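What follows is a set of notes on a single structure, which appears directly below.
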There are 2 protein chains.
Amino acid sequence: MRGIKKTILNHLHTPKTFWELMRNQDVNAVQLINILNNLYEQGIIEMKTQKIYLTQRGEKQDSKVRLNRHTRCDFCDSGYLIDGFGDIYYRFKSYYDTKPKNIPGFDQGSMRCKDVLKRLVFIYDKGDLCNTRILILGDDDLLSIAIAMTGLPQEIVVLDIDERLVHYIHDVSSKEHLNIETEVYSIENKVPLQKKMDVFISDPVESLVGIKLFLSRGISLLANGGRFYFGLTHIDSSLSKWQKIEQMLVNGSCVITDVVRDFAFYPGVYYKNIKERLFFDPGLPPKSWYTSSLIRGVKLEDKISESGSVSLGTSLYKDDETITVK
Amino acid sequence: MRGIKKTILNHLHTPKTFWELMRNQDVNAVQLINILNNLYEQGIIEMKTQKIYLTQRGEKQDSKVRLNRHTRCDFCDSGYLIDGFGDIYYRFKSYYDTKPKNIPGFDQGSMRCKDVLKRLVFIYDKGDLCNTRILILGDDDLLSIAIAMTGLPQEIVVLDIDERLVHYIHDVSSKEHLNIETEVYSIENKVPLQKKMDVFISDPVESLVGIKLFLSRGISLLANGGRFYFGLTHIDSSLSKWQKIEQMLVNGSCVITDVVRDFAFYPGVYYKNIKERLFFDPGLPPKSWYTSSLIRGVKLEDKISESGSVSLGTSLYKDDETITVK
């Protein structure tokens with residue numbers, strides 16, 4: 001419940017009508033009414049000109065700057081636009097452009113700079129950025145830096161296996177006063193974190209054993225009501241693998257709230273394996289052939305958790321469906 | 001596999017590069033390569049100017065008119081637009097505007113006319129309209145008519161409890177030479193259909209027992225590899241109910257491939273229950289407060305099925321989370 005109430009308060013950093021608020025979060029009408037009635041009785045929200053406002057008392061509990069960034073496509077009202085975050089995009093891009101080069105051995109492959117921002121916009125739009133504790137497991141996209149630049153999260157922790165990247169994020173964080181906590185960490189080890197987080201974000205490896213490990217480690221660190229975001233492709237994962245991942249989530253006390261197709265593009269992905277196996281020449285791929293879907297879910301209660309150590313070798317990165325890993 | 005191959009052939013009604021094709025369907029790269037190699041060996045596809053074409057032999061197997069309708073938002077490339085189906089929209093709208101009025105007793109509530117078209121565009125975009133056998137369980141939105149007007153499906157069957165609606169769809173179908181099969185049918189009875197379908201579409205009731213029944217009946221009629229589409233709201237269904245629905249799907253040999261938030265809007269939904277329970281006056285709702293997410297999935301193999309009769313009474317329409325049903 002804590003997670004839900006927090007999300008609703010996050011949305012109220014900009015006053016909204018009851019009906020707008022209903023649309024912009026996950027809980028059902030009965031739950032939303034109960035939460036709002038409760039906040040109203042406690043004097044945390046009030047109604048003015050048909051909109052719900054945080055009262056002075058509500059503001060005091062949580063003194064974040066009010067932000068009203070533009071997120072939805074004006075044309076179709078369903079896509080996401082990064083235009084409202086233009087200031088952050090340009091500030092972020094210079095760091096993105098000079099980050100350490102990807103190492104295939106770590107299965108690193110970064111999404112386009114603008115897709116990092118799009119992921120940020122999506123998470124912001126769900127009310128999951130503002131005043132939350134965020135864990136990012138693997139961050140070769142540098143999402144942590146873009147998110148921290150919004151000034152919205154309460155805390156950001158990045159764990160990554162790549163020392164170069166961890167140092168880079170740490171240096172940018174110091175220089176830009178972003179307060180991102182970083183630590184070198186291999187997914188095979190126990191997570192060096194005691195506290196519960198509100199949001200968990202990852203672009204996991206796509207072997208079944210690997211992705212299960214990433215998700216279970218991250219989700220085990222979420223408080224109940226916490227949200228998680230991860231990318232998953234159709235290219236390296238069959239629908240049966242998708243099903244197994246979904247089974248793990250929904251049988252493990254999570255619910256899937258969004259699956260957005262082709263959300264991010266990854267330039268420069270290795271495609272020699274594909275070319276070699278085809279009976280005809282597919283020609284050169286365009287820059288944007290390798291796409292990933294964005295999956296969002298909520299942890300309802302604690303059942304999924306991998307807290308001990310494991311040893312996986314290359315099966316962490318590859319199974320017989322992963323075709324774009326060298 | 002039949003379903004997957006069919007979808008890929010559907011996409012090839014318009015020649016595509018290998019890389020475009022990879023993006024526009026569900027199977028992973030290894031499966032896609034195998035299917036294409038097979039079609040190539042059989043002389044069903046060929047490569048010309050870096051695109052994959054159906055050969056004359058391929059065209060003969062399936063002589064549908066080639067259609068290349070515009071579907072994606074030009075501005076953000078992720079939303080769906082109905083503009084490419086303008087001819088069908090205007091032809092459809094006159095029937096939509098004069099359809100029998102909704103009866104709350106049947107839990108009828110129709111999405112906006114343009115959202116019916118948007119659902120059609122989404123299904124078309126996935127390659128699931130062309131040359132498929134489609135089952136629609138409950139059709140107070142008249143989606144069957146719009147879909148039939150594209151001339152793409154092989155067959156459309158509509159089952160609905162409302163005799164007025166069934167007659168109306170039947171009459172429009174005759175008048176417009178659409179060949180929609182219709183039958184009056186209550187979800188509590190055995191489905192009067194022997195054959196397997198490729199696509200199942202529904203906007204089910206949202207009581208847990210009711211939605212499970214709708215989905216299990218529809219999915220039991222799908223061939224392996226068949227696709228299903230249904231609407232689900234956050235308003236009348238909590239995240240725990242979502243989780244139970246997802247558990248039923250993914251534990252019952254289905255996989256969820258898309259969950260698109262706020263896909264359709266339902267004007268004129270009953271909101272007195274909401275107003276009465278709130279401690280403050282929320283004001284009048286705008287037309288578009290009641291939204292529904294669109295969920296798409298694929299049946300991998302047969303495990304979910306409800307084929308016998310059941311008797312549910314009002315629990316079919318309502319449970320303690322449904323707040324917008326009178």
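If you're wondering where the values come from, they're calculated on a predicted model, not measured in any experiment. Chain naming here is simple, since letters A, B, ... match the order of the sequence lines and numbering starts at 1 in each.
Neither the backbone nor the side chain of A:T233 comes within less than 4.5 Å of any heavy atom of chain B. Contact annotation for A:F263: neither backbone nor side-chain heavy atoms come within less than 4.5 Å of a heavy atom of chain B.
Between chain B and the residues A:P282, A:P286, A:S78, A:G297, the largest count of heavy-atom pairs under 4.5 Å involves A:P282. With chain A as the partner, the residue from B:R72, B:K126, B:K51, B:R296 showing the most heavy-atom pairs under 4.5 Å is B:K126. The candidate with the highest count of non-hydrogen atom pairs below 4.5 Å against chain A, out of B:K118, B:E20, B:Q247, B:R261, is B:R261. Of all the listed residues (B:I52, B:I45, B:L278), the one sharing the greatest number of non-hydrogen pairs under 4.5 Å with chain A is B:L278. For the set B:C76, B:S293, B:S288, the count of heavy-atom pairs under 4.5 angstrom toward chain A peaks at B:C76. Interface check for chain A: of the options B:E41, B:Q50, B:M47, B:Q25, the most heavy-atom pairs under 4.5 Å are formed by B:M47. Put simply, of B:V27, B:D262, B:L36, B:L81, the one with the most heavy-atom pairs under 4.5 Å next to chain A is B:D262.
Centroid-to-centroid, the aromatic rings of A:Y40 and B:F280 come within less than 6.0 Å.
Between A:W242 and B:V298 there is no side-chain heavy-atom pair separated by less than 4.5 Å. Counting heavy atoms from C-beta outward, A:K275 and B:F18 have side chains that stay 4.5 Å or more apart.
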